[in-house]
Amino acid sequence: MQRILVTGGAGFVGSHLCDRLVERGADVLCLDNFYTGSKTNIAHLIGKTSFELMRHDVCWPLYVEVDRIFNLACPASPIHYQTDPVQTTKTSVHGAINMLGLAKRVKARILQASTSEVYGDPSVHPQPEGYWGNVNPVGVRSCYDEGKRCAETLFFDYHRQHGLSIKVMRIFNTYGPRMHPQDGRVVSNFIVQALRGQDLTIYGDGLQTRSFCYVDDLVEGMLRLMDSPEGFTGPINIGNPGEFTMLELAEMVIRLTGSKSKLCFEPLPHDDPKQRRPDISLAKSTLDWEPKVALEDGLKETIAYFRTIV
Ligand code: NAD
Ligand code: UDP
Ligand code: UDP
């Protein structure tokens, strides 16, 4: 039985990953400090003998014995990672150092949940892994972007210097059930606003684009990456190449919820990327992975979830 550590396991993506790992028969240690995650996300797993929950902050050393580590601990939504930006950088950097140190000691394979934010406000479109990005090092998003970039550096240096088995995954915008209703990300905001009959808040002119991946597709890509051959490190993009403006997303959410909500316009946050779409050729060729869930179908599932909690 494989012993698998999932840091950030009580978060949105982490909880879906824990579900899949438990289903596959792994022995799962879910670690979280509950900064943005919640026990309700993994409540249904508590009590299973193959699942263990541990409250811990990855900024502190951790001594456990495991075979594989999925390092997801880090707030992911702009409002949360900007609330305590110093802590965000510490989580990415000190967290990576501790988890890499742990992986080195126990000879575990370790996967890093990196992000499309390493490309910043990209001038190459769509973004291939070879693009080095256009990131502001001193802006309000830098704690997250530069923290994640530094974590990638640490992963590759532990790989080169200590021979660690690493996998670096660049996750593009992901959505689905268990997103926090107040985490400020666009999909959850729009759905919650539509269900409450409130105006949907479009930041800027709404012509900026994002590519949205349903969480089940993402977790499948994550598992395939972890299981990929020893020499394959990534970085690898995992996301859905379908690209939508925020106006198109808002119209789709209003239609699918049957809401009477209108749109309202608010200022664009600083350094908000204008466009984002993954080039997933590498994931297709090396992992035989591509997303299966269309935005409309994934939104229906997500709306059904939010109807139960809003
Ligand atoms: P989330 O906020 O729901 O989950 C993050 C989890 O990490 C939470 O449970 C939180 O409590 C925990 N955490 C935060 N700081 C911690 C610390 N210091 N020690 C221990 N636990 C800590 O976000 P998510 O969307 O599930 O994102 C998971 C990972 O995927 C993150 O690393 C994020 O950067 C990455 N990612 C997500 C997306 C996306 O669209 N969801 C996109 C790119 C990258
Ligand atoms: N570490 C950890 N668990 C372990 C081994 C190491 O949390 O099982 C931490 C340790 O506290 C250290 C970090 O990981 O701060 C990096 O470890 P490494 O061995 O690479 O560096 P060193 O201990 O030599 O500074
Ligand atoms: N956004 C928006 N209204 C909202 C929340 C976000 O128009 O209520 C926009 C935001 O400005 C950005 C896009 O939606 O251009 C995606 O934002 P999110 O915070 O979900 O993710 P990220 O910017 O990190 O990709």
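Keep in mind that the numbers below use all heavy atoms, side chains included, and drop hydrogens, waters and symmetry copies. When a ligand or atom number is given, it counts from 1 through the structure's own listing order.
- With contacts defined as side-chain heavy-atom distances shorter than 4.5 Å, the pair H16/T174 does not qualify.
- Among the atoms of K148, some N or O lies under 3.5 angstrom from an N or O of ligand 1.
- The shortest N/O to N/O separation between L72 and ligand 1 falls below 3.5 Å.
- Looking at ligand 1, you won't find any N or O of C59 less than 3.5 Å from one of its N or O atoms.
- Side chain to side chain, D183 and S188 meet the donor-acceptor criterion of an N or O pair below 3.5 Å.
- The shortest N or O to N or O distance between Y35 and ligand 1 is below 3.5 Å.
- Taking all heavy atoms of G11, G37, C74, G147 into account, the minimum distance to atom 7 (O) of ligand 1 is reached by C74.
- Contact annotation: for K104 versus ligand 2, heavy atoms closer than 4.0 Å belong to the side chain alone.
- The shortest N or O to N or O distance between S116 and ligand 1 is not under 3.5 Å.
- Of the polar atoms of Y144, at least one N or O is found under 3.5 Å from an N or O of ligand 1, judged by distance alone.
- Between Y158 and H162, the ring-plane angle classifies as tilted under the 30° and 60° cut-offs.
- Distances below 4.0 Å separate heavy atoms of V58 from the following atoms of ligand 1: 17 (C), 18 (N), 19 (N), 20 (C).
- Taking each of L100, V106, I97, V64 in turn, the one with a heavy atom nearest to atom 13 (C) of ligand 2 proves to be I97.
- S123 and Y131 share a side-chain donor-acceptor pair at under 3.5 Å.
- Heavy-atom proximity to R185, at under 4.0 Å, picks out these atoms of ligand 3: 19 (O), 20 (O).
- Considering backbone and side-chain atoms alike, P61 places every N or O at 3.5 Å or more from each N or O of ligand 2.
- When I171, N33, T36 are ranked by how near their heavy atoms come to atom 13 (N) of ligand 1, first place goes to N33.
- Of the protein's non-hydrogen atoms, the one nearest atom 6 (C) of ligand 2 is G101 C, 3.6 Å.
- The closest side-chain heavy-atom distance from Q161 to L164 is not below 4.5 Å.
- Counted by atom type alone, E243 and T209 present one or more donor-acceptor pairs between their side chains at under 3.5 Å.
- Taking all heavy atoms of V186, D183, D272, L207 into account, the minimum distance to atom 10 (C) of ligand 3 is reached by D272.
- Inclusion of L31 in the set of residues having an N or O under 3.5 Å from an N or O of ligand 1 is not warranted.
- In terms of protein heavy-atom proximity, atom 4 (C) of ligand 2 is closest to Y63 CE2, 3.3 Å.
- A heavy-atom separation below 4.0 Å is found between Y158 and ligand 2.
- Counting protein heavy atoms only, atom 3 (N) of ligand 2 is closest to L62 O, 2.7 Å.
- Checked by distance only, ligand 1 and D57 come closer than 3.5 Å through their nitrogen or oxygen atoms.
- Of all the atoms in ligand 3, the ones that sit under 4.0 Å from a non-hydrogen atom of E117 are 24 (O).
- Among protein heavy atoms, atom 7 (O) of ligand 3 sits closest to Y203 N, 2.9 Å.
- Between H125 and Q127, the side chains place a donor N or O and an acceptor N or O closer than 3.5 Å (distance only, hydrogens not considered).
- Each of the atoms 11 (O) of ligand 3 lies under 4.0 Å from some heavy atom of P269.
- The shortest heavy-atom contact between P85 and C143 is O-CB, 3.4 Å.
- Using a 3.5 Å distance cut-off with no hydrogens or angles, the side chains of S165 and E230 do pair a donor with an acceptor.
- Look at T7 and you'll find every heavy atom at least 4.0 Å from all atoms of ligand 1.
- Polar contact with ligand 1: present for D32 (N/O pair, distance under 3.5 Å).
- Of the N or O atoms in R185, one or more lie within a sub-3.5 Å distance of an N or O in ligand 1.
- Note that atom 18 (P) of ligand 2 has protein non-hydrogen atoms nearby, at separations under 4.0 angstrom.
- Taking the six-membered ring where the residue is Trp, F212 and Y175 present perpendicular rings, their angle passing 60° and hence far from 30°.
- Of all the heavy atoms of S114, the ones lying under 4.0 Å from any atom of ligand 1 belong exclusively to the backbone.
- Residue, atom and distance of the protein heavy atom nearest to atom 21 (O) of ligand 3 are N173 ND2, 3.4 Å.
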